[in-house]
Amino acid sequence: MSELLDLAQAAVEAARTAGADFCDSYCSDTTEVSVDVERSSINYCATIRDQGISVRAYVNGGQGFATVQQLDLQSARECGRRAVEMAKAAHPDPDFVRLPDPTEAEEVPELFDERMAGLDSSAFVQWCLRGIEEAREVASDAIVQGGAGAGWGDSALASSTGVALTRRGSSASVSFFVIINRDGDVGTYFEQDMARRMADLEGEAIGEKAARAALGQLGSRPVPTGRVPLILGPLAAWGLIGSVISAAEAEGIQRNRSWLVGCEGQQIASPLLTVREEPLIPAGLSSGAYDGEGVARRPRALIDDGVLTTYLHNSYTAYKSGVMPTGHASRGGYSSSVGISTSNLQVQPGEHTEAELISEVDNGIYVAYAGLSPNSVTGEVSTTIDFGFRIEGGELTAPISTTLVGSTANELLGGIDAVSSDYRDEPGLIMPSLRIESVQIASEG
Amino acid sequence: MRGLIEDILREAKRRGASFADIRVTDAEGTSVSVEDGQADRVSSAAVSGAGLRVLIDGAWGFAPTNTVTREELRRCLDDALGMAQAASGHVTEPGVVAEVEPVEATVSAEAEIDPREVPLADRVQRIFEIEQVARERDDRVVNTRASYSDSAGKLIIANSFGTWIEQEAMRCSVRLATTAQSGDVRQFATESEARPGGYEIVNAVDPEQWAGAVADRALSLLDAKLAPAGTFDIIIDPRVCGLLAHEAFGHNAEADAVWAGESILAGREGEQVCSELVSIADDPTLEGLNGSFRYDHEGVPARRHDIVRDGVLVGYLHSLETAARLGVEPNGCARAQSHQDEPIVRMSNTFIDGGDATLEEIIADTKDGLLMRGGYWGYVFTARGQFTCNVENAWQIRDGKVGQHYRNASFAGLTLEMLSRVDALGREVSFDLGGMCGKGGQSMHVDAGGPHLRIRDVVVGGQEDGGRA
């Protein structure tokens, strides 16, 4: 890892020499191994090693960014010089203040599992075979797609302000998508598991769960158009909450292209909704002591009893707003520049189980999965319920077909009248179900 | 380079591979981002490497590298063969490849102006000027984002059949997003010009007309009402028609989905699957469109693919593998995002053919419906044939006349049911959806289009009750 840090620091030095006022460099060396399943057969095996360097340089506030896909000293220096060339072509930006100074934090344990990094393809083949077998035990005519894989690697971050960090991480995932087609009546569903260490990766029953859920989607039919209560299952609720939090990123706020402009410190959701960010959970999927610029992250409530407590900042947006960076700078690898995102999100569970929430609904819809993300600019929602069930007399009845939701973020968030006490959890994440009082749906029924 | 690549391919065959191919990329690109009057972000990317794929004992192995040396390519070969061999005993549907005649070709980039020869400062200034038009259009414009990108480089495609293609590629694009606000209502519109070619693509953009129109669209949405929910007859414009052709139908015609049991079109060749008014094709040979190319990434020459003719399903889109599986000739539809991805079946320029009506005639013939313009996004679950399209604008049509303007509408349905209810098509076909399509974790340049088209009895998702019961 020290070699990566040496390269990052050499790139920074080259950029400084070329005229950068501020600069940072990120280097990574990653390996991914994966096995794909197609039509219930092992199909594709891949080992993908990816290496690269990026440099971000500022000249009079204008930002230049350059990437190369080699890890050697010459490439690092050339990347640094190239970033400065780009920065000089950019217009000066008076809103840029500086890159952040180093901060001290203790790295989160168990982000890397030696056992996972050492896995060869035969382990993934076995996971895939097990998933296929599980699905076919549930339904012999199940068609299974999906696969299993793992990734691991090292990265380093260095900056002209003295940030010098290295990191090692690993993760693995198993996912299956099952299709059951009975004379044109098609049921499909998916299930997955992800983890940073082997002990957290269930692997088992993923194929079985996907197949059972696909069976449950057979015989879907439309429902009447009208306003009804929705119960968002864990994955549907998670998609909604994640996109709401994303809309709080400060760049969109400052640029007046987010529906959450003017909402910091305001009630944006039902008082029943609290969302915490927990970046320091050992082995958490999105855990890490530092953000993408080397700023220490810290646990906090992002939505507290329905109030949006803070916008999410990287150093650019924070200093522009006259506040300190909040530890939300993100990097999607060496090939992408610095953005803004959160770490592990946890929705605070409520007092009653999902089953109890369902039992209180006389006529409504259970949304297992739908892309309910509000449009990040307008806050409006118009989409299809991809997987759902009708609720009648407090019970799930038939799966539904071709049913759309038309709403707004304000209506969905403000209409939350219950959060379930039981939840889906992945390492670091807590995902309960949400009930929304009344939403307009359209269908053919 | 050629000697090295051919050595590796020979070694792959010697070690038991029934097929092997290598794609070598060497490219560079720049991008410029202008937001709210500040051209304050300029980027450069250098992309290079090779992706090696082998088929051995019915199992595929793939390994890429960013460093094209003999040592690294040998490591890739070891990795790819090792993984495939470990899996081969467990493959129940062995991989296969259609044999094709080797192709030897050199393809030059079809560009008038190499963007690398345009001073970077001029490229920055040009995008700034485009953004400025939208920004200064109206006080209610609260955000404008323009971006420019170019890429230029070479792709080598070689395989164990003896194919060797050296293909220069050059692309330029300009994109603009404008947000307008009035009171609590914030709306936006986007537009892009993107296709293979040089800087002439950027020069062809008239800032006043092009950027002004984007701002005007965002401004007009401020006065639009929330869309109604219910069932309507809808008339869709060429952009939404392209979205329908690509998302709802095109993904189902990709033969990897057909073979995998994920397509509603599986086993239906020769059957009537749509209204007899509907013909659908995918054509990478059309000049000047975002999805155009000369050879696919398996080295197969590009050609037009008829998918539906007069409502009858006549063919699928194939890779070397799917062609072998379904016993047909490969038709050049496999592409990969980069050397780090394996080629998969992709659409190119997908469209519904035109009919014989004018838009005015279709509107005049519609008693109670919605006119939908401007596709935002769409997606499909191919196995169920259920799709969703989200559109920028809708207008009420009552007794043959266009009325109230609505915003934020989606429509959804089962693809084949919906396309069986198409009962009017406009004469003029246009392509207006140049963008990127995501599939299997890869993004690929595509385009799509069609005529104005009417579909009866479509479920529209909106915020207010308003459709027929």
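Convention: sequence-line order gives letters A, B, ...; per-chain numbering from 1. On a predicted model such as this, the values are computed, not experimentally measured, just so you know.
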* To do: Check whether more than 12 heavy atoms from other residues, nucleotides or ligands sit under 6.0 Å from atom NZ of A/K320, and answer yes or no.
  => yes

* In terms of heavy-atom proximity below 4.5 Å to chain B, should A/V37 be classed as side chain, backbone, both, or neither? -> neither

* Asked: Which bit of B/A80 comes within less than 4.5 Å of chain A, counting heavy atoms only: side chain, backbone, both or neither?
  -> neither

* Under 4.5 Å heavy-atom distance to chain B, tell me which part of A/S34 shows up: side chain, backbone, both or neither. => backbone

* Hey, do the aromatic rings of A/Y189 and B/F381 have their centres closer than 6.0 Å? -> no

* A/D93 versus chain B, heavy atoms under 4.5 Å apart: side chain, backbone, both or neither? -> both

* **B/R41 versus A/A90, closest heavy-atom pair with distance** => N-CB, 4.2 Å

* Asked: Roughly how far apart are B/M83 CE and A/F124 CZ, rounded to 0.5 Å?
  -> 7.5 Å

* Please flag which part of A/S75 lies under 4.5 Å from any non-hydrogen atom of chain B: side chain, backbone, both or neither. => neither

* **Flag if over 12 foreign heavy atoms under 6.0 Å of OH, B/Y379** => yes

* Asked: Is there a donor in the side chain of A/E380 and an acceptor in the side chain of B/Q187, or the other way round, less than 3.5 Å apart?
  -> yes

* To do: Among B/A63, B/G61, B/S31, B/P64, single out the residue with the greatest number of heavy-atom pairs under 4.5 Å to chain A.
  => B/P64

* Asked: Side chain, backbone, both or neither: which part of A/Y58 has a heavy atom under 4.5 Å from chain B?
  -> neither

* **Top contributor to chain B contacts, counting heavy-atom pairs under 4.5 Å, from A/V68, A/N43, A/I143** => A/N43

* **Structural part of A/E32 lying under 4.5 Å from a heavy atom of chain B** => neither

* **Nearest atoms (heavy-atom pairs only) where B/N408 meets A/S382** => OD1-CB, 3.4 Å

* Relative to chain A, which segment of B/Q125 carries a heavy atom at a distance below 4.5 Å: side chain, backbone, both, or neither? -> side chain

* In terms of heavy-atom proximity below 4.5 Å to chain A, should B/F128 be classed as side chain, backbone, both, or neither? -> side chain

* Take A/N375 and B/F188 through the side chain to side chain contact (heavy atoms under 4.5 Å, CB included) test and state the conclusion after the steps. => CA-CA 10 Å; A/N375 180 298; B/F188 79 107; 3.1 Å; yes

* To do: Let me know if A/Q69 has heavy atoms under 4.5 Å from chain B in its side chain, its backbone, both or neither.
  => both

* To do: Using a cut-off of under 4.5 Å on heavy-atom pairs, state which of A/G379, A/G62, A/A46 scores highest against chain B.
  => A/A46

* Structure fact -> Of A/D120, A/D386, A/D95, the largest count of non-hydrogen pairs under 4.5 angstrom with chain B goes to A/D386

* Any side-chain donor-acceptor pair under 3.5 Å between B/S44 and A/E85? -> no

* Against chain A, work out which of B/R407, B/E28, B/Q181 has the most heavy-atom pairs shorter than 4.5 Å and name it. => B/R407

* Hey, does the Lys NZ or Arg CZ of A/R49 hover above the aromatic six-ring of B/F62, less than 6.0 Å from the centre and inside 45° of the axis? -> no

* **Exercise: identify the closest heavy-atom pair between A/A89 and B/V42** => C-CG2, 4.2 Å

* Asked: Within the side chain of B/N143, is there an N or O that forms a donor-acceptor pair under 3.5 Å with the backbone of A/N256?
  -> no

Show which side-chain atoms of residues 84-95 of chain B pair as donor or acceptor with protein atoms under 3.5 Å away, not counting sequence neighbours.
| unit_1 | atom_1 | unit_2 | atom_2 | d |
| --- | --- | --- | --- | --- |
| B/S88 | OG | B/Q85 | O | 2.9 |
| B/T92 | OG1 | A/S41 | OG | 3.3 |
| B/E93 | OE2 | A/R39 | NE | 3.4 |

* Asked: Can A/E251 and B/R145 be counted as an ion pair, charged N to O under 4.0 angstrom?
  -> no

* **B/T65 OG1 to A/I48 CD1 distance, which is reported to the nearest 0.5 Å** => 12.0 Å

* **Distance-minimising heavy-atom pair for B/V460 and A/A442** => O-CB, 3.2 Å

* Structure fact -> Scored by heavy-atom pairs under 4.5 Å with chain B, the best of A/G371, A/S407, A/G406 is A/G406

* Structure fact -> Per-residue tally against chain A (heavy atom, under 4.5 Å) across B/Q38, B/R53, B/R186 peaks at B/R186

* Among the options B/V185, B/L55, B/V47, pick out the one with the most heavy-atom pairs lying under 4.5 Å from chain A. => B/V47

* **Over 12 non-hydrogen atoms of neighbours within 6.0 angstrom of CG in B/D184** => no

* Between B/G261, B/A46, B/G51, which has the largest tally of heavy atom pairs under 4.5 Å with chain A? -> B/A46

* To do: To the nearest 0.5 Å, tell me how far A/T402 OG1 sits from B/M418 CE.
  => 7.5 Å

* **Under 3.5 Å: donor-acceptor pair, side chain of A/E38, backbone of B/A260** => no

* Looking at A/D36, A/L71, A/T403, A/T47, which one has more heavy-atom pairs under 4.5 Å with chain B than the rest? -> A/T47

* At a heavy-atom separation under 4.5 Å, does A/V377 approach chain B through its side chain, its backbone, both, or neither? -> both

* Asked: Is chain A contacted by the side chain of B/A177, its backbone, both, or neither, given a heavy-atom distance below 4.5 Å?
  -> neither

* **Segment of A/S40 engaging chain B (4.5 angstrom heavy-atom cut-off)** => backbone

* Asked: Applying side chain to side chain donor-acceptor pair (under 3.5 Å), which residue pairs with at least one partner in residues 380-390 of chain B are found, sequence neighbours left out?
  -> A/T384-B/T388, B/W377-B/N390, B/N390-B/S410

* Asked: Out of B/S33, B/S43, B/A45, which one racks up the most heavy-atom pairs below 4.5 Å with chain A?
  -> B/S43

* Asked: How about A/R221: does its CZ atom have over 12 heavy atoms from other parts shown lying under 6.0 Å from it?
  -> no

* Asked: Quick check: does any side chain N or O of A/Q63 sit under 3.5 Å from a backbone N or O of B/D40, one acting as donor and the other as acceptor?
  -> no

* Asked: What part of A/I385 lies closer than 4.5 angstrom to a heavy atom of chain B: side chain, backbone, both or neither?
  -> backbone

* Structure fact -> Most heavy-atom pairs under 4.5 Å with chain B, out of A/R56, A/Q51, A/Q70, belong to A/Q70

